[in-house]
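The structure under discussion appears below in the form of structure tokens.
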Amino acid sequence: MAGVLVLGEALEGAAAASTLEAIAAGRALGGPVAAAIIGDGAKSAAQDAIAHGADSAFVCEGGLGPEAAAAFAEQTAAASAPRVVLGAKALLDGSVMARAAYRLGAGLLQDCASVALDADGRLTATRPVYGGNAMAAFRASGSPAAASLRARAYEALERDDSRAGSIVPIEVDAAAHTRLRVVERVRRPQEGVRLEDARVVVGGGRGLGGPEAFAQLEELARLLRGAVGASRAACDAGWVPPSYQIGLTGRTVAPDLYLAVGISGASQHMAGCSGARDIVAINKDAGANIFKEARFGVVGDWRQVLPAFVDQLHELLSDR
Amino acid sequence: MKIAVLAKQVIDPETPLSAFKIDSDAKRVVTPPNLPPVINGFDEQAVEAALRVKEAQADVFIAVITAGASFAPDVVKKPLAMGADQLVLIEDPAFDANPNPLFAVDVLAAAIRRLGGVELVIAGRQASDWDNAQVPVGVAEALGWPIATVCQRVEARDGKVVVERVTPDGHEVVEAPLPTVVTVSNELGNARYPNMRGIMAAKRVEPTRWSLDDLGVQPREPAFELTDLRLPETAKLTEFIEGEDDADAGRKLAAAMREANLL
Ligand SMILES: Cc1cc2nc3c(=O)[nH]c(=O)nc-3n(C[C@H](O)[C@H](O)[C@H](O)COP(=O)(O)OP(=O)(O)OC[C@H]3O[C@@H](n4cnc5c(N)ncnc54)[C@H](O)[C@@H]3O)c2cc1C
Ligand SMILES: Nc1ncnc2c1ncn2[C@@H]1O[C@H](COP(=O)(O)O)[C@@H](O)[C@H]1O
């Protein structure tokens, strides 16, 4: 039976967390799951993929770009004739799912929160639309159908090293497929915990009024061993780098605690943090949308609320 | 050099939540009364990127392509007022159906071909109605051109395009041969406001109107049927922490969070 093809990537020899999430989604659909893994150390990442639920894998070694990845997707789809193609929305540069779907003549639903098969075996999915202001459900009219998954929508399956499956290397003529040439990569050194991995995230918004306030958020984050993020408004204002942006078009975080300061809670922002277990908000406007999703809230000026909050925390956490 | 910018008219994404309504039976968003639509924000930034290319070199012509079921004339003219040279409108009820990105790709790719001589297509990273983030990739694939997505800087010179792509932890500089497609993101910076002269000039420009027939494109069935559309549920009831003053509330918040095992 034609099954699910999961497009995935290797990061330094291990399967990306988002790839394992997509495999879990594929397994939830039933049917055999073939994982197509591209990247440096794809072969060992394929072992991860199988241990985490894939039934077989295709591998393409090397740090290749999105164009080669699309060609790889095409070749693996030709070999596996999938009914459904899944992958992380952010796979490689974020364009690969769209490239692959177009080449396969498959419709693509982006950033899905859930996927399933209906009684007739057609792909169904739910996804936020209108910036998270609405939830939509779709049903595929034909096959193959493709869906990209939002980060953390699925949890990776438990590792089981007794699982076995075939691993098939695929040659991709990368030179023939590659027209984009990366001339330079500029990475900002990351201090402390990565946003995505942080158990506590402190987010700052336009209400902070300027870049200086973020020093206080950084201090708070250090105290809670967390990381600092921001709304798009704070990033666009240049108060913090774009890599701080949480939301629809920024990073997706799912910490235990998200502490939002001076953030209104626009749906596009919440799209990136609604997976938090608990949200706590400090905002001077009692009607701010953030209070629709917060467990605790203080209606007040962060300039007074935050320093007192931090002082009290120091005291409470002095035993740590 | 001829640049085509893809710009979509959308419901204002900053529509207050209280005005954002859904007709669940019709499975569509109710156009908010008294709130005019806007050009998709990223697409205004695509126009901005094209204008910056135009300012950096001689002989750049900017054509904006907008496809949709119906248009607010003043809204779709905004790119002209910003400084674009031509506006191509493709108005057809087929766009009124459920989201159908592959159909948009057919239409936009055909319009780019019909314009002739386009070397650079600039689009937004995603449209803030259905957040599909896939039409420009489809257009590039249909034309057989490369595409660089999510750019914060676009330069075109010597037969190639040089862009800065936004990455999760910084950016990368990428080169591609022309013709090519790029999409831009908000990191590009704000789009300029039209000035009075631009607005007056835009009034005098008659948009170019093409039909599906002109383009030789047939409507196509959407690959997915929309089966449900609803407002998201928010079930959380916020416990508001109060104090004698804001500082006191801050202290009590810490205590309450500790109590609830959030710290
Ligand atoms: C297509 C699209 C994609 C987008 N993607 C993202 C995204 O990925 N991430 C994102 O964050 N946004 C995104 N946005 C933008 C989003 O719609 C909002 O505009 C943005 O999140 C607002 O940021 P903010 O909450 O910091 O600012 P505002 O909405 O201006 O809110 C500031 C808040 O601070 C409060 N405040 C002011 N002063 C004080 C004070 N002294 N003390 C306490 N509180 C105070 C105010 O009451 C207000 O609630 C996107 C928008 C679009 C259209
Ligand atoms: N109907 C349309 N008319 C003009 N441009 C469009 C249209 N649909 C999509 N685009 C372009 O493609 C980008 C991404 O759209 P989407 O893939 O629908 O999220 C938009 O930001 C526009 O630049």
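Sequence lines set the chain letters: A, B, ... in the order given, protein chains first and strands last, and positions in each chain run from 1.
Nearest heavy-atom pair across A:L317 and B:R258 is CD2-NH1, 3.5 Å. Pairing each heavy atom of B:E187 with each of A:P242, the nearest pair is CG-CB, 3.6 Å. Closest approach of B:E225 to A:S141, counting heavy atoms only: N-OG, 4.2 Å. The two residues A:L108 and B:Q134 make their nearest non-hydrogen contact at O-NE2, 2.8 Å.
For the set A:T126, A:L109, A:V310, the entry with the most heavy-atom pairs within less than 4.5 Å of chain B is A:L109. Per-residue heavy-atom pair counts under 4.5 Å with chain B were compared for A:M97, A:R277, A:E184, A:R303, and the maximum is reached by A:E184. Interface summary for chain B: among A:Q312, A:E67, A:E315, the most heavy-atom pairs under 4.5 angstrom belong to A:Q312. Contact tally against chain B (heavy-atom pairs below 4.5 Å) for A:G107, A:A98, A:G300, A:A137: the top residue is A:A137. Considering only heavy-atom pairs separated by less than 4.5 Å from chain B, the leading option among A:R122, A:M270, A:R295 is A:R295. Between chain A and the residues B:L229, B:D169, B:V137, B:V150, the largest count of heavy-atom pairs under 4.5 Å involves B:D169. Ranked by heavy-atom pairs under 4.5 Å with chain B, the first of A:V280, A:N289, A:D311 is A:V280.
Looking only at side-chain heavy atoms (C-beta outward), A:Q110 and B:Q126 stay at 4.5 Å or farther from each other. Annotation: side chain of A:Y102 is in contact with side chain of B:L102 (closest heavy-atom distance under 4.5 Å). With a 4.5 Å cut-off on side-chain heavy atoms, B:N98 and A:F138 do not count as touching. Side-chain contact check for A:R179 versus B:T180: every heavy-atom pair is 4.5 Å or farther apart. Side-chain contact between B:L263 and A:L313 is present, with at least one heavy-atom pair separated by less than 4.5 Å.
Atom CD1 of residue B:I22 and atom OH of residue A:Y130 lie 8.5 Å apart, to the nearest 0.5 angstrom. Interatomic distance, CG of A:D278 versus CE of B:M257, reported as 8.5 Å (0.5 Å rounding). The CG atom of B:N261 sits 11.0 Å away from atom CG of A:D256, with the distance rounded to the nearest 0.5 Å. Atoms NZ and OG1, on A:K292 and B:T238 in that order, are 10.0 Å from each other to the nearest 0.5 Å. One finds the OG1 atom of A:T124 at 10.0 Å from the CZ atom of B:F224 (value rounded to the nearest 0.5 Å).
Heavy atoms closer than 4.5 Å to chain A are found in the side chain of B:I11, but not in its backbone. Within the 4.5 angstrom heavy-atom criterion, atoms from both the backbone and the side chain of B:F240 approach chain A. For B:V105, the part lying under 4.5 angstrom from a heavy atom of chain A is the side chain only. With a threshold of 4.5 angstrom between heavy atoms, B:I241 approaches chain A through its backbone and through its side chain.
By the neighbour-count criterion of 12 heavy atoms within 6.0 Å, atom CZ of A:R199 is sparsely surrounded, having that number or fewer from other residues, nucleotides or ligands.
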